[in-house]
Amino acid sequence: MGATLDPVRRRLYLEAMGIQVWRHRAGAPAGEGDDAPRDAGQAADPLPAAASLSSGAPSANRVSTAPEAPRLPITPNSPFSPTARSGPGAPVPARVDTAAPTVEVSTLGWDELRAAVATCRACGLCATRTQTVFGVGRRDADLMFIGEAPGAEEDRRGEPFVGRAGQLLDRMLAAIGLDRDQVFIANILKCRPPGNRDPKPEEAAACRAFLLRQIALVQPRVLVSLGRISAQNLLETDEAVGRLRGRWLSFGPAALPLMVTYHPSYLLRSPEQKARAWQDLVQVARRLRGA
Ligand code: SF4
């Protein structure tokens, strides 16, 4: 994945995202210059120039131990507790009912996993979906985004993050020099909740094995959780996104580095938060390039 970021191109993308950028002022001190998002009360945080995010070659160390990442409290029965044998790099015990006989998800390869999702009847959402939305992108991506659930357009097209929110996600990716073919994008749920309601806990639990298997297969270096539903389900917490975002957390026994940020749909409704999302992505870009 080439991800060299031209400053002019970056500014254009940021402006397309609706983020105002600093203009270099004559006589301004070094570091006070171009391209940092303007956000009252927050320090500017420009993306390092020429960020090289990924070589496209397999990473030598695919799973970071993220030693500085704080861990959230987890319940004893959490599938992400240190003693749980689930998560990336570990067997996923969950079995999922499909139209075919029940399958052991942790052993599935990509094609089998896609087929299992397509025929899944493990929760009631199978009755109202048009089709499942498996996920999209590079199967060995360094960066994996995890959203909430398909909406109406995603349900119709079978792809996550299409429509206006998807277009904004594409611009967010472009702002750090990537496109969606270079990352993997998945959701907590593979089927659309009717009326775009929040996923029920039992639906997220029923679908979790699929997502964990996707993470295990991709082996991303960094996870980005988009929005409240994604973050709260991944981290098994009730904390608000505003308290989770902006710092490195870890996911699963392998302690995958996880950054929580706002969902693009929320950013469309609350554009004043785009600058904070940009700051989160800057941290992601830095992590990917090893800075
Ligand atoms: S949401 Fe997940 S668990 Fe529920 S039917 Fe769809 S694929 Fe199966």
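Start at 1 and go down the list; that is how both ligands and their atoms are numbered. Since the model is a prediction, treat every value here as computed from it, not as a measurement. For the single chain, residues carry numbers from 1 onward in sequence order.
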Open item on the list: Under 4.0 Å between a side-chain nitrogen and a carboxylate oxygen: does that hold for R139 and D111?
Closed with: yes
Contacts table for residues 126-135: side-chain donor-acceptor under 3.5 angstrom, sequence neighbours left out:
from, atom 1, to, atom 2, distance (Å)
T128, OG1, L125, O, 3.4
R129, NH1, C120, O, 2.8
R129, NH2, A118, O, 3.4
R129, NH2, C120, O, 3.0
T130, OG1, D155, OD2, 2.5
Q131, NE2, D155, O, 3.3
Q131, NE2, R156, O, 2.7

Using modelled atom types only, decide if a donor and an acceptor are shared between the side chain of [X] and the backbone of [Y] within a distance under 3.5 Å.
| X | Y | value |
| --- | --- | --- |
| E154 | G151 | yes |
| R180 | F161 | yes |
| S250 | A255 | no |

So which heavy atom in the protein is nearest [atom], and how far is it from that ligand atom?
| atom | value |
| --- | --- |
| atom 8 (Fe) of ligand 1 | C120 SG, 2.3 Å |
| atom 6 (Fe) of ligand 1 | C191 SG, 2.3 Å |
| atom 4 (Fe) of ligand 1 | C123 SG, 2.3 Å |

- [ ] Within a distance under 4.0 Å of any heavy atom of A206, pick out the atoms of ligand 1 and give their elements.
- [x]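 Result: 3 (S).
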TODO: Under 4.0 Å from a heavy atom of R129: give me the atoms of ligand 1 that qualify, with their elements.
DONE: 5 (S), 6 (Fe)
Task: Metal check, atom 2 (Fe) of ligand 1 vs C207 N/O/S, cut-off below 2.8 Å - done: yes
